[in-house]
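Naming convention: chains lettered A, B, ... in sequence-line order (proteins, then strands); numbering from 1 in each chain.
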Protein chains: 2
Amino acid sequence: MNQLKEALETLKDTGVRITPQRHAILEYLINSMSHPTADEIYKALEGKFPNMSVATVYNNLRVFREVGLVKELTFGDASSRFDFVTSEHYHVICEHCGKIVDFHYPGLDEVEHLAAHVTGFKVDTHRLEIYGTCPDCAGKEVH
Amino acid sequence: MNQLKEALETLKDTGVRITPQRHAILEYLINSMSHPTADEIYKALEGKFPNMSVATVYNNLRVFREVGLVKELTFGDASSRFDFVTSEHYHVICEHCGKIVDFHYPGLDEVEHLAAHVTGFKVDTHRLEIYGTCPDCAGKEVH
DNA sequence: TAAACTAATTATAACAATTATAATCTAATA
DNA sequence: TATTAGATTATAATTGTTATAATTAGTTTA
Ligand SMILES: [Mn+2]
Ligand SMILES: [Mn+2]
Ligand SMILES: [Zn+2]
Ligand SMILES: [Zn+2]
């Protein structure tokens with residue numbers, strides 16, 4: 001039920017120390033309900049941790065990724081965004097404002113199987129994103 | 001039939017000058033049959049063009065992208081890879097050696113439609129990649 | 001053809017995201 | 001308490017890419 005509590009449990013179980021900075025980063029990720037960049041997290045917490053280094057944010061996001069608490073969404077030039085892991089889902093992304101919306105859809109097992117069959121790869125996973133224009137941006141375009 | 005010839009036609013039609021550097025970059029993209037980075041192209045051509053700037057490679061890859069001759073494949077940290085546009089296809093990527101293999105599959109119209117319906121987005125396109133282990137790397141792992 | 005204009009290339013500097021390094025601090029353990 | 005390992009901080013370095021300004025090449029106009 002309490003996502004933060006569970007996340008802290010996961011850290012404890014994997015022998016990762018729970019520092020105030022880690023607690024705050026996790027809390028922010030969960031509460032923001034969005035897909036923040038490392039820098040956004042850094043800036044959001046600088047009131048509470050005026051001396052925190054940006055390296056700490058990156059280091060801890062990597063730790064969280066390694067224990068499976070967050071997923072990193074990477075893009076070409078722009079900075080990575082981080083998603084607190086709940087259930088599997090895809091993302092729909094606005095090409096104009098960059099908004100990212102969660103989108104649930106059954107996994108594409110058939111595509112994975114065909115890819116494995118055709119290429120001889122041992123398939124692990126896949127990445128799918130939908131790109132378009134969000135309702136807000138579509139509204140602005142009209143007039 | 002001749003991909004290079006067609007590509008040069010496209011450039012001519014869109015009023016883009018055909019310089020020796022552009023000719024060579026296009027030729028390399030078509031003949032390499034792979035997905036090279038800007039730097040790989042730069043290094044491959046430095047014998048023929050010892051004074052070519054890496055900026056020229058980037059500039060021209062952007063030009064080619066804008067007129068629809070190449071697609072840019074972007075990844076998180078790593079550098080972009082460029083794919084001479086032929087028919088629509090997806091990519092299967094080896095997580096160990098980075099190999100990229102073309103993979104043909106009918107478009108995922110159904111996913112796009114559902115995404116549009118659920119999120120209210122005007123959907124343009126999507127991105128799908130399959131990740132796993134290529135046969136070469138799988139072989140090495142075994143012993 | 002000569003002059004004027006525009007596009008492309010080059011060399012180099014700047015940028016931005018991320019990672020590495022070394023010093024310091026904190027917490028756990030013996 | 002002393003020792004050790006882990007975490008954080010401050011800062012430097014790295015890397016892919018883009019911006020800038022000067023130069024060169026090609027095209028258009030007079
Ligand atoms: Mn998400
Ligand atoms: Mn391809
Ligand atoms: Zn938008
Ligand atoms: Zn491989």
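Considering only the side chain of B/Gln21, C/dT10 comes nearest among D/dT9, C/dT18, C/dT10. Listed nucleotides: C/dT9, C/dT19, D/dG16. Nearest to the side chain of A/Tyr58: C/dT19. For B/Thr19, the side-chain atoms get nearest to C/dT9 when compared with the rest of D/dT8, D/dT9, C/dT9. Among the nucleotides D/dT8, C/dA20, D/dG6, the one closest to the side chain of A/Asn59 is D/dT8.
Through side-chain heavy atoms spaced under 4.5 Å, either directly or across other Ile, Leu, Val, Met, Phe, Trp or Tyr residues, A/Leu73 is tied to A/Phe75, A/Ile93, A/Ile100, A/Tyr131.
In this structure, the CG atom of A/Leu45 is 12 Å from the P atom of D/dT8, given to the nearest Å. Taking atom CD of residue B/Glu72 and atom C1' of nucleotide D/dT18, one finds them 13 Å apart after rounding to whole Å. When the C1' atom of D/dT15 is taken as reference, atom CZ of B/Phe75 falls 17 Å away, rounded to whole Å. The CZ atom of A/Arg62 sits 12 Å away from the P atom of D/dT8 (whole-angstrom rounding). Between A/Asn51 atom CG and C/dT26 atom P the separation is 11 Å, expressed in whole Å. A/His23 has its NE2 atom 14 Å from the P atom of D/dT8, to the nearest Å. Rounded to an integer number of Å, the gap from A/Leu61 CG to D/dA7 C1' is 15 Å. With rounding to whole Å, A/Ile18 atom CD1 is found 10 Å from C/dA28 atom P.
In terms of phosphate contacts, B/Ser53 brings no side-chain nitrogen or oxygen within less than 4.0 Å of OP1 or OP2 of C/dT12. Residue B/Arg22 has a polar side-chain atom (N or O) positioned under 4.0 Å from OP1 or OP2 of C/dT9. Put simply, B/Ser80 has a side-chain N or O that comes within less than 4.0 Å of OP1 or OP2 on D/dT17.
If B/Ala55 and B/Arg17 are placed on DNA chain C by their nearest nucleotide, the residue sitting closer to the 5' end is B/Arg17. Residue B/Ala78 is the one, among B/Pro20 and B/Ala78, whose nearest nucleotide of DNA chain D lies closer to the 5' end (criterion: closest heavy atom).
Of the charged side-chain nitrogens involved, none lies within less than 4.0 Å of a carboxylate oxygen, so that A/Arg81 and A/Asp83 do not count as a salt-bridged pair.
As judged by a 4.0 angstrom heavy-atom cut-off over every strand, B/Ser79 is placed among residues touching the sugar-phosphate backbone only. At a threshold of 4.0 angstrom between heavy atoms, the contacts of B/Asp39 with the nucleic acid are absent.
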Walk me through it: do B/His117 and A/Phe103 pass the test ring pair (Phe, Tyr, Trp, His ring centres under 6.0 Å)? CA-CA 11 Å; B/His117 181 256; A/Phe103 168 59; over 10 Å; no
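Aromatic ring pairs are classed by plane angle as parallel below 30°, tilted from 30° to 60° and perpendicular above 60°; the pair A/His35 and A/His91 is perpendicular.
At distances below 3.5 Å, at least one donor-acceptor pair connects side-chain atoms of A/Arg22 with backbone N or O atoms of A/Arg17.
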